[in-house]
Protein chains: 2
Amino acid sequence: MVEFVPARGIPIYIQIRDALRAEITGGNLRRGQQLPSENELAARFHVSRMTMRESIEGLVNEGLLYRRHGVGTFVALPRPQREHAKPTSLSDEDDNEHTQVKLLELKVIPATPKVAQALDIPAGSHVILVKTLHYADGVPITVQNAHIPYKLFPGLLNENVGVQHLWTLFEKAGYRVRRAVQRLEAREASKQVAHWVNIQEGAPVLFKECTVYADNGTPVEFTYCYSRGDLYTLTVGLERGRRVGQ
Amino acid sequence: MVEFVPARGIPIYIQIRDALRAEITGGNLRRGQQLPSENELAARFHVSRMTMRESIEGLVNEGLLYRRHGVGTFVALPRPQREHAKPTSLSDEDDNEHTQVKLLELKVIPATPKVAQALDIPAGSHVILVKTLHYADGVPITVQNAHIPYKLFPGLLNENVGVQHLWTLFEKAGYRVRRAVQRLEAREASKQVAHWVNIQEGAPVLFKECTVYADNGTPVEFTYCYSRGDLYTLTVGLERGRRVGQ
DNA sequence: GAGTGGTCTAGACCACCCG
DNA sequence: GGGTGGTCTAGACCACTCG
């Protein structure tokens, strides 16, 4: 935490933040340990205290540090799991190498009333349906029906849908994905779902409805998912808002 | 957004933030509308630009505004639902007046290995078991088994458990609840669960495991929940971290 | 009282976007 | 080029906690 040569091009407060994060996750700073005061850190890194605070702020938001007014700044425990849970457009943890995705259908259809409402478009508008089957270790786990407003992404049909996350395509089109709302239920498998994921009709499935929003609030995706109850666990990290209402 | 008399005792940036939030949610500022520049707002509220930015920052984090470098600050759509989803220690949306909670059991037991691991305490340590049944509109929906390290809250047994959220009790004891991790599955109802929520054995239930952490990273609660699949929907808001990795 | 984090100022220069 | 947000400074005073 002593030697520090700022690079050009990258904001200093981010460089300091990265340096501190490395110290913490690397184990040089132990859990519960108190950091030097903001003034001392600012002097050590040769920046103003405001800049130093900006660095610390980010780590507090990440949950790596916490502050106590009038006392000091401390190292929190390592993050329990995948916090800052990025909402993902697929089945939430499909990033590892043991998962595969198979494209079942890709076509333009009129939006059902429910889909239209979720996407905030007129009922019957064109939406792109992306139906996929998701495997883990070769076993089919999840059937997913994603709906995307055709107007927002008219070029989507030419892209490599199913291979990349839909999100990647959204960002290419200039929509920064920011929020998602999921609704979760336990249901009985319909005949169709049972067929796809290879279980008995009526067996429990985790049903998920998910609406994804860009940072300007536009809904960009509405998805139904059906996952095998016996093989699928959805993990969600929740965080309390920062300084909200205070 | 013009007249503004700062009150004493409350930080100005919070007062400005509240004023702006009211403008937005009140509908005076429409979605997509551009706000005056930071400089102009600072002048209007008679504060420095840094203070003005602090106000805006919070609203951006809440998702009410978004910024575009070199362009301006804009009003996002109203929040889709209960974003900033506070993790709640109960079944997640038990705040309204149509829900009741019945205390089934309250006792100290030795921690099972799984509970001990989740709470980061030695196996067999004392934990407080709070078993509750949650009703919506008079219908039993959820059975919950909450486990709390006895060492952290030795006085909990004397409190009005079951009436207030456990969280309230945590905060009284000086633990600020900050994060939670939930694991969700669809399962078949066991005979016991089926009995409590009045469904057939084998019917689908939403199973939830939840670990709750204080802001210093200490696990304060580990909970199992079983909810009727046909009547219960869990809604979760996800947000992308701010400036994470950037 | 001494030290900490919390708030706030009045400037500055930079990076980005647009016409 | 002109306006926007992004970064940064070198101070100041306040509110909180603890010994």
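First the proteins, then the strands, lettered A, B, ... as listed; each starts at 1. What's counted below: heavy atoms across the whole structure, side chains too, no hydrogens, waters or symmetry copies.
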Whole Å only: how far is the CD atom of A/Glu38 from the P atom of D/dC16?
16 Å

In whole Å, what is the span from the CG atom of B/Leu65 to the P atom of D/dG6?
12 Å

Please state how far atom CG in A/Asn39 lies from atom C1' in D/dA10, giving the value in whole angstrom units.
11 Å

Winner on side-chain proximity to B/His69, out of C/dT7, C/dC16, D/dT7, is C/dC16

Spatial distance of atom CG (A/Leu41) from atom CD1 (A/Ile16) [nearest 0.5 Å]:
8.5 Å

Mapping B/Gln34 and A/Val47 onto DNA chain D by nearest heavy atom, which one lands closer to the 5' end?
B/Gln34

Spacing between A/Leu59 atom CG and C/dG5 atom P, to the nearest angstrom
14 Å

Report yes if a side-chain nitrogen or oxygen of A/Ser48 is closer than 4.0 Å to either non-bridging phosphate oxygen (OP1 or OP2) of D/dG11; otherwise report no.
no

Check: A/Asn39/A/Ser37 side-chain N/O donor and acceptor closer than 3.5 Å
no

Find the distance A/Arg49:CZ to C/dC8:P and express it as a whole number of Å.
13 Å

Anything under 30° is parallel, anything over 60° is perpendicular, the rest tilted; go ahead and classify A/His126 against A/Tyr150.
perpendicular

N/O (side chain, B/Thr51) to phosphate O (OP1/OP2, C/dT9) under 4.0 Å:
yes

Judged by each residue's nearest nucleotide on DNA chain C, which is more toward the 5′ side, A/Met50 or A/Thr73?
A/Thr73

Residues A/Gln182 and A/Cys210: closest non-hydrogen pair is CG-SG, 3.8 Å

Of the nucleotides C/dC16, C/dC17, D/dC8, which one has an atom closest to the side chain of B/Val71?
C/dC17

Which residue, B/Glu40 or A/Gly70, contacts DNA chain D at a nucleotide closer to its 5' end, judged by nearest heavy atom?
B/Glu40

Let me know the distance between OH of B/Tyr66 and P of C/dC16, rounded to the nearest Å.
20 Å

Over how many whole Å does the gap from A/Leu41 atom CG to C/dG6 atom C1' extend?
16 Å

With the side chain defined as heavy atoms from C-beta on, B/Pro11 is closest, among D/dT9, D/dC16, C/dT7, to C/dT7

B/Gln34 (side chain) donor-acceptor with B/Val71 (main chain) under 3.5 angstrom
yes

Sugar-phosphate only, base, or nothing, as touched by A/Arg53 at under 4.0 Å among non-hydrogen atoms
base

Are B/Arg68 and D/dT4 close enough that a side-chain N or O sits under 4.0 Å from OP1 or OP2?
no

Taken to the nearest whole Å, CD1/B/Ile56 to C1'/D/dT7 is 15 Å

